[in-house]
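Below is one structure, written out as C-alpha cells; the observations come after it.
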Amino acid sequence: MATYSRLPGSVALITLQNPPVNALSAAVRQGIVDTVQRALKDPKVTSVVICGQNGKFCGGADIREFAGPMLGPPLVPMIHAIEAVDKPVAAAIEGVALGGGLELALGCHYRIAHSKALLGLPEVTLGLLPGAGGSQRLPRLIGLTAALDLITTGRHISAAEALKLGILDQVTDNNVVDQAVEFVRRVAGQPLDSRRLSTLPCPPDVDSLLDKAMVKVRQRSRGALAPVACVQALMAAASLPYTQGMEKERELLTTLFNSGQARALQYAFFSQRVVGKWSLPSGASWDNSAARPISKAAVIGLGTMGRGIVVALALTGISVVAVETQEKQLAEASQAVPAMLQREAGRRGLATPPGVISFSSNLQDVSEVELVIEAVFEDMSLKLQVFRHLTSVCRPGTLLCSNTSGLDIDQLAAVTQSPGLVVGMHFFAPAHVMKLLEVVYGPRSSPEAVATAMQLGKRMGKVSVAVGNCPGFVGNRMLKPYLEQANFLLEEGATPQQVDEALEEFGFPMGVFRMSDLSGLDVGWRIRKEAGLTGPGVESTRTRQGRRYSPLPDQVCEAGRLGQKTGRGWYQYDGPGGRVARSDPWVHIFLEAYRAEHDLVARSIAPEEILERCLYALINEGFNILQDAMAAGPEDIDAIYVFGYGWPRHHGGPMFHAGQVGLGRILERLQHHHHNHPDVPHLKPSTLLRRLVAVGSPPVQKWREFINKERVHSQL
Ligand SMILES: CCC[C@H](O)CC(=O)SCCNC(=O)CCNC(=O)[C@H](O)C(C)(C)COP(=O)([O-])OP(=O)([O-])OC[C@H]1O[C@@H](n2cnc3c(N)ncnc32)[C@H](O)[C@@H]1OP(=O)([O-])[O-]
C-alpha cells in the first residue's frame with residue numbers, strides 16, 4: 001500500500017509500504033493511484049514527494065506477482081498520471097530505485113537521492129526489459145549511449161554516477177525526504193513541461209550505435225532474448241514518436257513475459273535467495289545455528305586457488321596469514337597477491353584494500369587465527385598431513401576448512417581433535433572472482449561450523465550453497481557423467497568441435513572440450529589414476545571396473561597434450577598458454593585410428609543427441625543427488641550450476657531445465673539411451689525422477705516438499 005500525509009506547509013508525502021523492498025505490488029500501485037489523486041484534488045497541496053518506507057525507495061515490480069494473473073492498476077498509466085500532474089512531484093530515493101522503482105522515479109518531475117542509494121534497470125537479468133516506460137524515458141533523459149549501457153547490462157549504479165549521468169537532480173548525505181520536501185517547495189509554481197520526459201525528443205541514432213550494439217549483444221547473449229529486446233526497444237525510442245515507442249516496448253515485453261527464459265531467470269533470482277537460507281537434514285539452519293565472527297584467518301598453500309582465497313578474504317577486511325612451505329612459490333605469491341588484491345579492490349571501487357596479509361613459510365604462524373582454509377594440492381595424503389599438523393598448532397576451537405574439490409571431508413575431520421569444526425569450503429577458480437562456494441558438511445560437522453562458513457561466504461559476496469559430503473560433492477559429481485558422455489560421443493563419431501558447438505549453442509560459454517583444455521587435462525587424468533582407472537598395469541580396454549570407460553582423454557594426456565598450458569589438447573593453440581582454440585588435424589587422425597583399433601564405426605551424430613546425452617546424464621545425477629539428500633533442493637543444484645559451471649542462466653539451471661523440458665520426456669530419453677548403452681550406469685534413470693513422473697511431474701518448486709515426504713515414508 002501507500003500512505004498519504006500532508007506536511008506542514010503544502011507538500012503531500014506519499015510513502016510506499018511493502019516490506020522488505022517496497023516492490024510495486026497491486027496494493028502498492030492502487031495506493032499510489034489513490035494518493036496521487038488525493039494530492040491532485042487537494043487545493044492546499046502545491047507539490048508532492050514520493051518516498052519508500054524503511055529506507056528503501058522501491059525494488060521495482062513485485063516479481064512474485066509475475067507468476068499469476070495481472071491484478072490492480074497497471075504501472076504504465078499510473079506513471080503517466082504522475083508525470084501529467086500539474087504540481088511538481090519529486091522522488092525521494094533512499095536505498096534502492098530499481099526496475100519499476102526507477103521507472104516510477106523517471107515519471108516524477110524531479111529525483112533527489114541519498115548518496116548511498118543504488119539505481120538501475122536490472123530487468124534484463126530477469127529476462128525482461130524496462131517495460132514501464134523506462135526504455136523510452138531513460139534515453140530521452142541521458143542519451144542513447146548511457147541508456148544502452150544501463151539497460152542491457154542491468155547494472156546497479158551509485159547515486160554519484162546517476163547524478164553525473166543526469167538521472168538525478170540532487171544527491172544528499174542528509175535526510176533525503178527532508179531534502180526533497182525543501183526542493184519541491186522551492187520549485188513549486190515553476191513550469192513543468194521540460195520535466196516531463198515523455199514529451200522530450202529522443203536523440204537519434206546518428207552513428208548506428210544501436211546497430212553495432214545489436215551485433216555485439218547477439219554475439220554475447222548466447223541465445224538470451226532479453227538483451228536483444230532491450231536494444232530493439234531503444235531502437236524504437238530513437239526512431240519513433242514516444243507513443244509508438246511505448247507500443248513497441250509493450251509488444252516486446254509481452255513476448256519476453258511469455259518466454260520460458262523470463263520464467264527461468266526469475267526462478268534463478270529466487271533460487272539464489274532460497275539457497276542462502278540453508279538447512280541441513282539434521283534440521284540445523286540459520287534459525288538455530290549461530291555463526292562465529294571471524295577477523296583472523298589463514299590460508300595454507302599459495303597456488304592459484306590459495307592466492308585467490310587470500311584476496312577474497314582480505315577484501316572483506318579479514319587479516320590473513322598466507323602460508324606456503326615452498327620458498328619459491330612463497331616468493332612468487334608474495335609478489336602476486338598484493339597486486340591481485342589491488343586490482344580487485346580497484347575493480348570493486350574500494351580505494352584501499354581493507355585486509356592485512358602476512359606471508360609465512362611456517363605452519364606454526366597460524367596458531368592465533370580463528371579459521372584456516374587449507375588449499376594445498378588435491379592429494380588426500382598431503383591434506384591429511386596438513387590437517388594433523390593444524391590440529392596440533394591451532395588453538396582449540398579453530399575452524400579447519402578444506403578447499404578440496406571432491407575429497408572426503410570426514411576423513412580429514414577424523415585426524416583432528418575437533419571433527420565438528422571441520423567443513424569443506426570448495427571455491428572455484430579464480431577464487432576472488434567466481435561467485436560460487438560449496439560449503440561441504442560431513443557427518444560430524446557442527447551446525448556452528450557450517451553457519452560460520454556460510455556466513456563467511458556471504459561476507460565474501462559468494463553464493464554459498466551447503467552440500468553433503470560425497471565424492472565430487474554436487475557440482476563435480478554431476479560433471480562426471482557429462483564429461484563421460486562427451487568422450488563416448490567422440491568414440492561414436494563426433495568431433496570435439498561438434499560437441500562443443502552443440503553445448504555453446506545451448507548457451508554454455510564454453511563447450512566441454514574447450515573447457516577441459518582451459519582447466520588442464522591432467523587434473524582429471526590424475527584423479528582417474530588415483531581411482532585405479534588408468535595408469536601402468538591397467539589394461540587398455542573400453543570397460544573398466546565393470547562399466548563402459550573411454551580411455552580417450554588418458555591417451556591425449558599420454559601424448560603430452562594437457563590443454564592450453566601445453567599449447568595442445570583437444571584443440572591446438574598458438575603456443576603454450578594460447579587462448580584461441582583451433583581444430584587440430586592430429587585429433588582427427590587420432591580419433592580415426594582409435595575407432596579403427598576398437599572396431600568402432602563412426603556415425604553422424606545430431607546436435608540434439610549431443611545435448612540429450614550430455615545434459616540428461618548430468619540432470620539424472622542431479623536427481624540422484626537430491627535422492628541421496630546431498631543437496632537440500634533443486635534450487636541448490638541450479639545455483640551451483642549457474643554460478644559455478646557456466647550453465648546458461650536463461651535456462652534456470654539443470655533441474656529447472658528438466659522441468660521445462662518435461663520430466664516424462666527426460667525419463668523417456670534416458671530410458672532410450674540406457675537401453676542403447678546398458679553398460680553406462682549414469683544413464684539409468686534415477687528413482688526420484690521415476691517417482692516424480694509417477695505422481696504427475698510436479699513443478700520444480702514442489703520437489704523439495706515431495707522429496708521430504710517421500711523420505712519420511714521411505715520411498716526414496
Ligand atoms: C511492467 C514491467 C515493470 C518493470 O520494468 C519490471 C520490473 O521492475 S522487474 C523488477 C526489477 N527489480 C529488480 O530486479 C530488483 C530485484 N531485487 C534486488 O536486486 C535485491 O533484492 C535488492 C537489491 C533490492 C535488495 O537486496 P538485499 O538487501 O540483498 O535483499 P534480498 O535480495 O535478499 O531481498 C530481500 C527480499 O526481498 C525480495 N525481493 C527483492 N526484490 C523484489 C521484487 N522486486 N519483487 C518481489 N520480491 C523482491 C527477495 O526475494 C527477498 O525475499 P525473501 O523472502 O526475504 O527471500
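Starting from 1, each residue takes its place in the sequence as its number. Remember, it's 1-based here, ligands and their atoms both numbered in the order they're listed. Every heavy atom of this structure was used, including side-chain atoms; hydrogens, water molecules and symmetry mates were not.
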Heavy atoms of the protein only: does one fall short of 4.0 Å from atom 29 (O) of ligand 1?
no
Based purely on interatomic distance, does T125 place a nitrogen or oxygen under 3.5 Å from a nitrogen or oxygen of ligand 1?
no
Polar-atom distance check: I63 versus ligand 1, any N or O pair below 3.5 Å?
yes
Applying ring-ring contact (aromatic ring centres under 6.0 Å, His included), run through H657 and F506 and close with a yes or a no.
CA-CA 12 Å; H657 181 65; F506 178 75; 5.1 Å; yes
How does A61 reach ligand 1, if at all, at less than 4.0 Å between non-hydrogen atoms: by side chain, backbone, both, or neither?
both
NZ/NE/NH1/NH2 to OD/OE distance under 4.0 Å, E161 and K164
no
Could you tell me, atom by atom, which parts of ligand 1 come under 4.0 Å of a heavy atom of L129?
5 (O)
Ring centres under 6.0 Å, that's the criterion: do Y645 and F508 meet it?
no
When distances are taken from atom 52 (O) of ligand 1, the protein heavy atom at minimum range is R64 NH2, 3.1 Å
Out of curiosity, is P122 lining ligand 1, as in a heavy atom under 4.0 Å away?
yes
If the plane angle is over 60° it's perpendicular, under 30° parallel, otherwise tilted; pick one for F66 and F257.
perpendicular
Salt-bridge contact E251-K248 (side-chain N to carboxylate O under 4.0 Å):
yes
Report the member of V21, L253, L98 with the shortest heavy-atom distance to atom 23 (C) of ligand 1.
L98
Please identify which atoms of ligand 1 are closer than 4.0 Å to at least one heavy atom of E103.
3 (C), 4 (C), 5 (O)
Per-atom filter on ligand 1: closer than 4.0 angstrom to a heavy atom of P130 are 5 (O)
Hey, are R195 and D169 close enough for a salt bridge, meaning a charged N less than 4.0 Å from a carboxylate O?
yes
Is R155 paired with D149 through a side-chain N to carboxylate O contact shorter than 4.0 Å?
yes
Nearest heavy atom to atom 6 (C) of ligand 1: which of E123, Q272, K56 does it belong to?
E123
Any nitrogen or oxygen of G100 lying under 3.5 Å from a nitrogen or oxygen in ligand 1? Just yes or no.
yes
Regarding atom 12 (N) of ligand 1: of the candidates G60, G99, G59, which has the closest heavy atom?
G59
Answer yes or no: does an N/O atom from G131 fall short of 3.5 Å to an N/O atom of ligand 1?
yes
Okay, side chain of D638, backbone of S271: is any donor-acceptor separation there less than 3.5 Å?
no
With a 4.0 Å cut-off on N to O distance, would you call R29 and D62 a salt bridge?
no
Within a distance under 4.0 Å of any heavy atom of L75, pick out the atoms of ligand 1 and give their elements.
3 (C)
Report yes or no: does a heavy atom of V76 sit under 4.0 Å from some atom of ligand 1?
no
Is there a protein heavy atom less than 4.0 Å away from atom 26 (O) of ligand 1?
no
Location of contacts on L126 toward ligand 1, heavy atoms closer than 4.0 Å
side chain
Side chains of Q136 and E103: does their closest heavy-atom pair fall under 4.5 Å?
no
At the 4.0 Å heavy-atom cut-off, does L24 count as touching ligand 1?
no
If we ignore angles and hydrogens, is there a donor and acceptor under 3.5 Å between the side chains of E249 and S135?
yes
Considering E65, K458, R273, H156, which one's heavy-atom position lies nearest to atom 31 (P) of ligand 1?
R273
Please determine if K277 has a nitrogen or oxygen closer than 3.5 Å to a nitrogen or oxygen of ligand 1.
yes
Residue, atom name and distance, where the atom is the protein heavy atom closest to atom 46 (C) of ligand 1:
D62 OD1, 3.2 Å
Would F270 count as being in polar contact with ligand 1, using the rule that some N or O on each side must be under 3.5 angstrom apart?
no
Heavy atoms of the protein only: does one fall short of 4.0 Å from atom 37 (O) of ligand 1?
yes
So with a 6.0 Å cut-off around CZ of R250, is the heavy-atom count from everything else above 12?
no
Check this for me: does any side-chain nitrogen of one of R704 and E635 sit under 4.0 Å from a carboxylate oxygen of the other?
yes
Look at atom 18 (C) of ligand 1 and say which protein heavy atom is nearest, naming residue and atom and giving the distance to 0.1 Å.
F269 CE1, 3.9 Å
When you measure from the side chain of K462 to the backbone N and O of M454, does any donor-acceptor pair fall under 3.5 Å?
no
